[in-house]
Amino acid sequence: MTVNLDINPRRQNLFAKLLHCPLPNYPNTTETMFRTQYLDYQQLTDQLTQWAQAHPGFVRLSSIGKSAEGRDIPLLTIGHEPERLRPAVWIDGNMHATEVCGSSVALAMAEDIIGIHLGKDEAGAKPLPTHMAEAIRGALFYVVPRISPDGAEAILKTGRYVRSSPVNDRTNKSHAYWEASDVDGDGLMGYMRQQDPNGELMELRGEDGLPLNPPVMVPRGPEDAGPFFKLYPEGHIVNFDGAQVPDPYFLSDNLYDLNRNFAHDWKPEHEQAGAGHYPGSAPESRAVMDFAVRHPHIFTWLNLHTFGGVVIRPLGDQADSKMDPTDLAMYRQVEAWMTEYTGYPTVSGYHEFLYEPDKPLHGDLSDWAYRQRGCLAYVVELWDLFTQLGIARKKPFVDHYSQLERKDFLALWKMDREINEGRMFKTWRKAQHPQLGEVEVGGFDGRIGISNPPLAKLAETCASQSAAFLRVAALVPQVSLELVGTQDLGNGHTRIQLRVANRGYLGTYGLSSAKKLTHAEPLRLTATGDGVALVAPLEQVTQIGHLEGWGTGLHHGISIFMPWTRGNGSEKNIAVVVQGKGTVQIRIGSCRTGWSELAVPIA
């Protein structure tokens, strides 16, 4: 999740504290089990391998790099001739360890894209228009379903809380801090509570005035009589002096929030929690950046997180008034599809997702993809828990995470009973802590129900997100090179008439703001002759420039009061004159769009 639940005063609520406990083990019963349960690393790898083996003509499995603990960060490439560069779409998930729903949705999208290649034009159980399905088949897709395999594995197998990566390579370790460990010997590391007259939490009472069973911990109020509790991560205190208990901190024994470790507007750790030592200091974020830099033809970037039921778009650090208006119109089209297919609102990161006013987040992946790679990039916070609980839309949206009432916690408890099979709220068990004395453990598991949707809601989440995003993915440029005809000019000279056209929604540069980026190269045409000599143009290379797309975004550029459109900037006609007989090889493109080739025989 892109939100920081543990360090902001506005976010000190139960959701901020109760975000990890181990998932139960589920048997591998179906080929698409990711739509009904959450996968560990081996299950995820098995699914990707199965697709690659079943569809070798257009599915490739590789890795973008190694995690800190040596696991491959898997990359699924989908598209015929995957080595041939052309406009590409990136999908990633699970960069935050608890947010395993992102992996499921990324896999569901991959499955739907594979289905489109097989002639099934559904996209999340919603048929795509024929031309959009054809655009999907013509593009490349890079799917990285789990950026943080180490962290996810720790969460799934041991319950240890990890924000992104289990690594703690800080040099400053002489202070007192919490370190996860198994206090009661059950093999899991969840939460501990301890009764304390100064505790900030208490057990919620139901409509009958009695504590709920199993109990729900809620913030204490001034009029409450108790008993009261402290809540800690299950573990021990490093450098404990025997008296002073340190504040629990979400990065106590794991340094990185990968979504603060990217190279756009990065700030050091003392200014941005989770930033790491320098941009890309974590091998996982460095692998993502290295891949993107080597693949400048990525036009669209989806970054999947949980939870909240919201789309977060750029800008993350400035007001909309500073945003390119054409870019903003493109995001309005994204918003329209997200509203139609998922019901999620779309918000500006700057206007509605700052935890402190006028204090933007730094080192964010989607901002890096938008600002530095020129991508139509955004975050989806999967699982609309607030809507599920009947909480009215708040503005700014980030207030949903902090402005919770006891009726909302009661609704959460009821939801857990009714659709989540009681996975979240459990009976606390007494245990003896070597430093704190008697505590209670195991009373809460927030990963299914809060951090990720209940299993009963997972398939619906996958289908609706795929229906929305694959329409966005179909907006990529579609550059074609056509032979209009040849004309005999006499004296052994032949005129070759060519048309270069972009039939896609986006221009060959991508978003309007991407024109300024160095890797957004204009198109160029290269002609070489085999048995023929080029006469005109004299140079073998002709600069074509960029071609516009036909799309202008939603509510932008055309008005019923003045309904003129633009000229034909989406295509160019080019003439090449050659002398002799043989073959002329024509090549057009750029590192941004890839290359199209055409062989023209001259008889």
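Computed from a predicted structure; not experimentally measured. For the numbers below, each heavy atom of this structure counts, side chains included, while hydrogens, waters and symmetry mates do not.
Between the Glu269 side chain and the Ala275 main chain, a donor and an acceptor come within less than 3.5 Å of each other. Side-chain atoms of Thr306 come within 3.5 Å of backbone N or O of Ser451 as a donor-acceptor pair. With Asp182 contributing its side chain and Gly185 its backbone, the two residues share a donor-acceptor pair below 3.5 Å. The closest donor-acceptor contact from the side chain of Ser466 to the backbone of Cys462 lies at 3.5 Å or more, if one exists at all.
Heavy atoms only, all atoms of each residue included: Pro453 and Thr461 are closest at CG-OG1, 4.2 Å. Among all heavy-atom pairs drawn from Ile155 and Tyr161, the shortest one is CD1-CA, 3.9 Å.
Residues passing the salt bridge (Lys or Arg N to Asp or Glu O under 4.0 Å) test with Glu421, sequence neighbours excluded: Arg423. With sequence neighbours excluded, the residues forming a salt bridge (Lys or Arg N to Asp or Glu O under 4.0 Å) with Asp184 are Arg429, listed by chain and number. Listed by chain and residue number, Thr49 satisfy the side-chain contact (heavy atoms from CB on, under 4.5 Å) test with Gln53 (two or more places apart in sequence, or in another chain). Qualifying side-chain contact (heavy atoms from CB on, under 4.5 Å) partners for Asp40, counting only residues two or more places apart in sequence or in other chains: Gln42, Gln43, Glu153, Leu156, Lys157. Scored by the salt bridge (Lys or Arg N to Asp or Glu O under 4.0 Å) test, Glu207 finds Lys414 as partners (sequence neighbours excluded). Here Tyr256 pairs with nothing under the ring pair (Phe, Tyr, Trp, His ring centres under 6.0 Å) rule; sequence neighbours left out. Remark: Trp90 pairs with Phe291, Trp301 by the ring pair (Phe, Tyr, Trp, His ring centres under 6.0 Å) rule, at least two apart or across chains. Trp266 is linked by a ring pair (Phe, Tyr, Trp, His ring centres under 6.0 Å) to nothing, counting only residues two or more places apart in sequence or in another chain. Taking Asp416 as the reference, nothing meets the salt bridge (Lys or Arg N to Asp or Glu O under 4.0 Å) condition, with sequence neighbours excluded. Annotation: side-chain contact (heavy atoms from CB on, under 4.5 Å) contacts of Asn172 (sequence neighbours excluded): Arg170, His175. Among residues two or more places apart in sequence or in another chain, the side-chain contact (heavy atoms from CB on, under 4.5 Å) test is passed with Pro454 by Trp383, Met415, Ile419, Asn420, Lys457.
Among the candidates Lys430, Lys426, Arg193, the single residue satisfying the salt bridge (Lys or Arg N to Asp or Glu O under 4.0 Å) test with Glu440 is Arg193. Here the options are Val216, Leu204, Val218, Leu389, the test is side-chain contact (heavy atoms from CB on, under 4.5 Å), and the partner is Leu410; only Leu204 passes. Of the candidates Asp384, Val379, Val380, Leu385, Val380 is the only one forming a side-chain contact (heavy atoms from CB on, under 4.5 Å) with Leu382.
Close placement of the Phe444 and Phe425 rings is indicated, their centers lying within 6.0 Å of each other.
Sorted by first and then second residue, the side chain to side chain donor-acceptor pair (under 3.5 Å) pairs with a member in residues 215-229 read Asp224-Arg406; sequence neighbours excluded.
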